[in-house]
Amino acid sequence: MKILVACEESQRVCKAFRAKGHEAYSCDIIMCSGNAPQWHIWSDVTPLLNGNCTFRTCDGQAHTVRRWDMIIAFPPCTYLSKAGSTNLYRGGKLNQERYELGQQAASFFRAIYAADCDRICIENPTPIKVFGLPEPTQIIEPYYFGVPVSKRTCLWLKGLQYLCPTNVIEPQYTFNTYPLFKNSNGKYKQRNRSKTFEEIAEAMALSWG
């Protein structure tokens with residue numbers, strides 16, 4: 001299958017599907033950190049969503065895709081996540097600038113969801129209801145896949161079966177107390193915290209690849 005992994009600089013999902021023999025590409029406005037530039041598109045993903053596109057990966061090679069067989073996307077959630085709702089309503093008043101940024105993020109989410117592709121998965125935290133996103137199809141937790149962390153994660157699925165748990169264990173940490181993230185700091189903290197757990201990436205390739 002030809003698979004577009006949108007908004008992924010870590011390449012963990014891309015590489016998991018590549019390991020299954022699929023033609024997967026990660027795409028992000030950030031350069032990849034997964035050490036596979038030959039599979040990364042350093043660009044805005046919007047022009048690629050509906051296929052009929054030609055693009056260059058970071059090794060300079062040109063590729064043409066008529067239609068994607070699957071899109072898996074991790075759109076930015078900074079302005080959509082319910083966890084940030086206190087920043088949207090400060091002192092009981094709507095933060096207009098943040099609201100407009102949230103509307104832009106919601107429009108990007110909808111563009112992915114409406115892409116001309118039969119199989120789509122969008123992953124995000126629980127969104128703020130004011131932005132009117134559709135109800136998620138499935139709720140997963142990292143500890144369903146052998147990661148001892150509790151972090152409620154939503155999946156919006158089209159044409160795909162539920163993501164099958166692979167190793168359900170008892171959670172030992174919340175996302176904020178997990179040592180890998182609790183001890184991180186600096187400008188890369190948010191990026192590191194947004195990376196897909198490798199165990200979940202492998203489960204996606206196992207369930208859908």
Side-chain angles (χ1 to χ4, degrees), residues 1-29 32 34 36 38-57 63-77 80 105-127 131-142 144-147 151-167 194-209:
M1 291 189 293
K2 295 183 184 294
I3 301 169
L4 176 64
V5 188
C7 312
E8 186 193 46
E9 59 82 25
S10 73
Q11 298 192 289
R12 289 178 177 176
V13 174
C14 172
K15 291 167 79 171
F17 277 91
R18 282 278 175 172
K20 295 286 186 184
H22 299 289
E23 186 182 344
Y25 299 96
S26 57
C27 182
D28 205 300
I29 57 173
C32 62
Q38 70 275 21
W39 302 332
H40 188 66
I41 310 163
W42 189 9
S43 170
D44 174 17
V45 76
T46 305
L48 308 179
L49 290 173
N50 292 312
N52 291 318
C53 57
T54 297
F55 54 86
R56 289 189 181 275
T57 43
H63 307 266
T64 298
V65 170
R66 186 184 65 81
R67 197 165 189 265
W68 297 106
D69 296 299
M70 187 187 305
I71 297 174
I72 302 174
F74 305 87
C77 63
L80 296 177
S107 294
F108 180 49
F109 181 106
R110 293 189 185 95
I112 299 170
Y113 200 60
D116 183 19
C117 180
D118 293 333
R119 303 175 186 88
I120 298 174
C121 168
I122 303 178
E123 184 266 17
N124 247 205
T126 303
F131 294 116
L133 296 181
E135 288 295 316
T137 312
Q138 182 183 8
I139 305 298
I140 62 171
E141 292 275 3
Y144 294 176
F145 307 93
V147 183
K151 179 181 182 268
R152 188 178 192 270
T153 303
C154 301
L155 300 181
W156 287 260
L157 305 175
K158 293 176 69 174
L160 292 169
Q161 64 186 12
Y162 278 20
L163 185 61
C164 185
T166 54
N167 181 21
S194 69
K195 294 180 189 292
T196 304
F197 287 108
E198 290 180 357
E199 293 85 349
I200 294 179
E202 291 169 1
M204 288 178 170
L206 182 65
S207 287
W208 303 329

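A heavy-atom distance below 4.5 Å is not found between the side chains of R12 and I200. Under the 4.5 Å side-chain criterion, counting only non-hydrogen atoms from C-beta, R152 is in contact with T126. Side-chain contact between W68 and M1: absent, with no pair of heavy atoms (C-beta onward) separated by less than 4.5 Å. The side-chain heavy atoms of N50 and N52, taken from C-beta on, include no pair separated by under 4.5 Å. You'll find the side chain of K15 reaches within 4.5 Å of the side chain of W39, heavy atoms only. A 4.5 Å side-chain heavy-atom check between F108 and V45 finds at least one atom pair inside the cut-off. Counting heavy atoms from C-beta outward, H40 and E8 have side chains that stay 4.5 Å or more apart.
A donor-acceptor contact shorter than 3.5 Å links the side chain of Y162 to the backbone of T137. Looking at H22, its side chain never comes within 3.5 Å of a backbone N or O of I3 through a donor-acceptor pair. Here the side chain of W42 pairs no donor or acceptor atom with the backbone of R56 at under 3.5 angstrom. Looking only at distances, a side-chain donor or acceptor of E141 sits under 3.5 Å from a matching main-chain atom of K151. Between the S207 side chain and the C164 main chain, a donor and an acceptor come within less than 3.5 Å of each other. For W156 (side chain) and N124 (main-chain N/O), no donor-acceptor pair under 3.5 Å exists by modelled atom type. Between the side chain of R67 and the backbone N or O of G51 there is no donor-acceptor pair closer than 3.5 Å. The closest donor-acceptor contact from the side chain of R119 to the backbone of D69 lies under 3.5 Å. Remark: the backbone N or O of L163 is paired with a side-chain donor or acceptor of Q138 at under 3.5 angstrom.
The minimum heavy-atom distance between I120 and A115, with the atom names listed, is CD1-O, 3.8 Å. In this structure, P134 and Y113 approach most closely via the heavy-atom pair CG-CE2, 4.0 Å. The minimum heavy-atom distance between F109 and L133, with the atom names listed, is CD2-CD2, 3.7 Å. Here the shortest heavy-atom pairing between P76 and A105 reads O-CB, 4.5 Å. Between P125 and C77, the closest heavy-atom pair is CD-CB, 3.5 Å.
For the atom pair W208 CH2 and L157 CG, the distance stands at 5.0 Å (nearest 0.5 Å). A distance of 8.5 Å separates SG of C7 from CG of D44, quoted to the nearest 0.5 Å. Note that NE2 of H63 and OG1 of T54 are 10.5 Å apart. Values are rounded to the nearest 0.5 Å. The CD1 atom of I72 sits 12.0 Å away from the OG atom of S26 when rounded to the nearest 0.5 Å. If you take OG on S43 and CD1 on I29, they are separated by 9.5 Å, rounding to the nearest 0.5 Å. With rounding to the nearest 0.5 angstrom, the CD atom of Q38 is 7.5 Å from the CZ atom of R18.
The aromatic ring centroids of Y25 and F55 lie less than 6.0 Å from each other.
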(Q) Determine whether I140 and E123 satisfy the following criterion, side chain to side chain contact (heavy atoms under 4.5 Å, CB included), listing intermediate values before the conclusion. (A) CA-CA 10 Å; I140 62 171; E123 184 266 17; 5.7 Å; no
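Contacts of F74 classified as ring pair (Phe, Tyr, Trp, His ring centres under 6.0 Å), with partners at least two apart in sequence or in another chain: none.
Within the structure, the salt bridge (charged side-chain N to carboxylate O under 4.0 Å, His left out) test picks out the following pairs touching residues 19-29 (sequence neighbours left out): K2-E23.
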